[in-house]
Number of protein chains: 2
Amino acid sequence: MNVRDAAARSGLPAKTIRYYDDIGLVVPDRRANGYRDYNDQTVQKLAFLKRARQLGFSIDNCRQLLSLYEDKGRASGDVKSLAEKHLIEVDKRLEELQQLRATLSHLVHSCRGDDRPDCPILADLSKD
Amino acid sequence: MNVRDAAARSGLPAKTIRYYDDIGLVVPDRRANGYRDYNDQTVQKLAFLKRARQLGFSIDNCRQLLSLYEDKGRASGDVKSLAEKHLIEVDKRLEELQQLRATLSHLVHSCRGDDRPDCPILADLSKD
DNA sequence: TATAAAACTTCCAGTAACTGGCAGGTCAAG
DNA sequence: CTTGACCTGCCAGTTACTGGAAGTTTTATA
């Protein structure tokens, strides 16, 4: 199966699939003409990656998840541990973003937003 | 004032300050020996940038904010408009992250995380 | 069968916002 | 007068792709 079809089936752009080949994440067979040749298994891995990336796992984490995915004797604890670490980071980012949002929202509401130059937003940004 | 002192006063790393000079964001005077020479005004701008970056404004937005900051005849509405746009993007990102967190958390809790290989997390990642 | 279109290949550059590191020049202190 | 701290510019690396160019191969149509 050519890269275009693998893209259609996995939901990833062809360009991304080639990139995953370049970095050794999902390496397809090659035909005599040099074209990449994907099969059910490699397409499955691509779909796996798409979902894992959507969940915010880094490429590096995806690499580990993928190797666990392929290891039929894995311990589910290893997978859970990876996911938990990721969850903690997501929570951290969420808190930061919520804090940021609160400050920003406060600033926006404090500014009249008219034609006059005095602006609490700029005042806050320039405060020590 | 040398870049080191400007760093100490603004709270930004010296490297970042040089970078801001490179991209024309805050351009200091130069001494005869070629050293950057910061004054109260440029340090003030650096501090402004630090705060704006902390609030998640992009460098590009910072450039606009900075020019509004310097424009004593500005309309506060222009500042508010920028901030509002940014707030909308933050809200979007927050929603995405919350959705992601919910899914991830659900997956984590569904996995026993023991020595056995069967794992709902991997099962979910590989589902169509 | 000729040819044009589409799809494939590799490689290079660009994105955002820095950060690290190197070679070399400068300056203050002992 | 030397040592060490600081400065300079410049190039590379980071993350995870994405766009584009140049060249080859396959496929579809006339």
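Because the structure is a prediction, the values reported are computed rather than measured. Here is how names work: the chains are called A, B, and so on, in the same order as the sequence lines, proteins then strands, and each is numbered from 1.
- Applying the salt bridge (charged side-chain N to carboxylate O under 4.0 Å, His left out) test to residues at least two apart or on different chains, the pairs with a partner in residues 47-63 of chain B are Asp124(A)-Arg51(B).
- Looking at His86(B), its side chain does come within 3.5 Å of a backbone N or O of Leu55(B) through a donor-acceptor pair.
- Between the side chain of Asp115(A) and the main chain of Ala75(B), no donor-acceptor pair closer than 3.5 Å is present.
- Ser76(B) and Asp114(A) share a side-chain donor-acceptor pair at under 3.5 Å.
- In this structure, the side chain of Ser10(A) engages the main chain of Ala6(A) through a donor-acceptor pair within 3.5 Å.
- Residue pairs meeting the side chain to side chain donor-acceptor pair (under 3.5 Å) criterion with at least one partner in residues 21-32 of chain A, sequence neighbours excluded, are Asn2(A)-Arg31(A), Asp21(A)-Arg30(A), Asp21(A)-Arg36(A).
- Only Lys15(B), Arg18(B), listed by number, bring a heavy atom of residues 11-21 of chain B to less than 4.0 angstrom from any atom of DNA chain D.
- Residues Leu66(B) and Val26(B) have side chains in contact (heavy-atom distance under 4.5 Å, counting atoms from C-beta outward).
- Panel note: side chain His106(A), backbone Ala102(A); no donor-acceptor pair is recorded below 3.5 Å.
- Near-neighbour residues of DNA chain D inside residues 52-59 of chain A, defined by a heavy atom below 4.0 Å, number-ordered: Arg53(A), Ser58(A), Ile59(A).
- Once you apply a 4.0 Å limit to the heavy atoms of chain A, the touched nucleotides of DNA chain D run 5' to 3' over dA16(D) to dT26(D).
- At least one donor-acceptor pair under 3.5 Å links the side chain of Lys80(A) to the backbone N or O of Cys111(B).
- The closest side-chain donor-acceptor pair between Asn39(A) and Thr42(A) falls under 3.5 angstrom.
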Fill in the blank from the handout: Readout for nucleotides 23-30 of chain C: B = base within 4.0 Å of protein heavy atom, S = sugar-phosphate only, - = neither; 5' to 3' it is --BBS---

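- Phe48(A) and Leu25(A) fall within a single hydrophobic cluster, where Ile, Leu, Val, Met, Phe, Trp and Tyr side chains are chained together by heavy-atom contacts under 4.5 Å.
- Atom CZ of Arg31(A) and atom P of dC8(C) are 10 Å apart (whole Å).
- Of the charged side-chain nitrogens involved, at least one lies within less than 4.0 Å of a carboxylate oxygen, so that Glu96(B) and Arg93(B) count as a salt-bridged pair.
- Using a 4.0 Å heavy-atom cutoff across all strands shown, Asn2(A) reaches sugar-phosphate atoms only and no base atom.
- For the pair Val79(A)/Tyr69(A), no side-chain contact is recorded, criterion being any heavy-atom separation below 4.5 Å from C-beta on.
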